[in-house]
Amino acid sequence: MNLETITAYNNIDKISDVIRNSVVNGYVFGRADFCGSLGLGSNDINNDDVLAYAVNVAEKCIKDDLEFVVGGGVSFDSLEFFKTLYPIRLSSFETRKIIFSADALEIKELYKGMLEAIHFELLWLKNKKNYYGSIFKEDDKRIEMLNSRWN
């Protein structure tokens, strides 16, 4: 379940009661959207207040035997945030396209994997832009011809 707002956070006990008896096996804490719900900016995703919320959710996940995943603005700057959560409860952390096991935090050269994740997402977005850009433009000549006929 995506936990991305202070409203969801404030209702976590009720939500956990529902998801414990469902196919949902945990929470994804979306830090960027969560910050937005608090009136904070995306630069605040690693701050101590957001970390305190995340720690509380991690502890709730231990109590309820649920997985805990963190996302939202994952970068090198996020590593200390994740390392704080790891001994409490952190199943994985994710970019929009890549999921890292929390155990990856023990890898000395994790930054290389993170660089590859950034590179993959960059290539993905460029490919998507090129693909949809060509679809967007493919009818331009036909539209121009039909416009001239219409006029």
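- Phe93 and Phe82 have parallel rings, their planes meeting at less than 30° on a 0 to 90° scale where 60° marks the start of perpendicular.
- The nearest pair of heavy atoms linking Cys35 to Gly41 is CB-O, 3.8 Å.
- Pairing each heavy atom of Thr84 with each of Pro87, the nearest pair is O-CD, 3.5 Å.
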Quick one: do Glu144 and Lys141 satisfy salt bridge (charged side-chain N to carboxylate O under 4.0 Å, His left out)? Show the steps, please.
-> CA-CA 5 Å; Glu144 186 179 321; Lys141 288 181 182 179; over 6 Å; no

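- Phe29 has its side chain within reach of Val50: a pair of non-hydrogen atoms, C-beta onward, lies under 4.5 Å apart.
- From Leu90, atom CG reaches atom CG of Asp103 across 9.5 Å, with rounding to the nearest 0.5 Å.
- Taking CG of Asn11 as the reference point, atom CG of Leu3 lies at 10.0 Å (rounded to 0.5 Å).
- Among all heavy-atom pairs drawn from Ser78 and Gly73, the shortest one is OG-O, 3.4 Å.
- The distance from atom CD1 of Ile6 to atom CG of Leu38, rounded to the nearest 0.5 Å, is 5.0 Å.
- Side-chain contact between Leu79 and Met114 is present, with at least one heavy-atom pair separated by less than 4.5 Å.
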Begin with the C-alpha distance, continue with both residues' side-chain angles, and end with the deciding distance and a verdict on side chain to side chain contact (heavy atoms under 4.5 Å, CB included) for Asp65 and Arg89.
-> CA-CA 10 Å; Asp65 192 29; Arg89 176 71 143 213; 3.6 Å; yes

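- For residues 10-20, the pairs satisfying salt bridge (charged side-chain N to carboxylate O under 4.0 Å, His left out) are Asp13-Lys60, Asp17-Arg20, Arg20-Asp64, with sequence neighbours left out.
- The hydrophobic clustering, which links ILVMFWY residues whose side-chain heavy atoms are closer than 4.5 Å, places Ile99 and Val24 apart.
- Atom CG of Leu40 sits about 7.5 Å away from atom CG of Asp49, to the nearest 0.5 Å.
- Each of Ile45 and Tyr53 belongs to its own hydrophobic cluster when Ile, Leu, Val, Met, Phe, Trp and Tyr are linked at side-chain heavy-atom distances under 4.5 angstrom.
- A side-chain donor-acceptor contact under 3.5 Å links Ser91 to the backbone of Phe68.
- Under a 3.5 Å cut-off, the side chain of Thr5 and the backbone N or O of Ala8 do form a donor-acceptor pair.
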Chi angles and distances behind the side chain to side chain contact (heavy atoms under 4.5 Å, CB included) call for Phe76, Leu115 = CA-CA 9 Å; Phe76 302 119; Leu115 273 176; 3.7 Å; yes

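- At least one side-chain heavy atom of Ile88 sits under 4.5 Å from a side-chain heavy atom of Val55.
- In terms of heavy-atom proximity, Ala54 sits nearest to Phe81 at CB-CZ, 3.8 Å.
- Residue pairs meeting the salt bridge (charged side-chain N to carboxylate O under 4.0 Å, His left out) criterion with at least one partner in residues 22-48, sequence neighbours excluded, are absent.
- Between the side chains of Asn2 and Tyr27, no donor N or O sits under 3.5 Å from an acceptor N or O.
- Using a 4.5 Å cut-off on side-chain heavy atoms (C-beta onward), Phe100 and Leu105 make no contact.
- Contact annotation: the side chain of Val57 approaches that of Ile12 to within less than 4.5 Å [non-hydrogen atoms, C-beta and beyond].
- Between Val28 and Val70 the shortest side-chain heavy-atom distance does not fall below 4.5 Å.
- Minimum heavy-atom separation, Leu85 to Ala58: CD2-CB, 4.3 Å.
- The ring-ring contact (aromatic ring centres under 6.0 Å, His included) pairs that include a residue from residues 109-151 number zero, where partners must be two or more places apart or lie in different chains.
- Residues Glu121 and Thr95 meet the side-chain proximity criterion, which asks for heavy atoms closer than 4.5 Å.
- Side-chain contact between Leu66 and Ser16 is present, with heavy atoms from C-beta onward closer than 4.5 Å.
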Val69 vs Glu94, side chain to side chain contact (heavy atoms under 4.5 Å, CB included): CA-CA, chis, key distance, verdict = CA-CA 7 Å; Val69 178; Glu94 61 184 35; 3.7 Å; yes

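- Once rounded to the nearest 0.5 Å, the distance linking CG of Asn147 with CD1 of Ile143 reads 7.5 Å.
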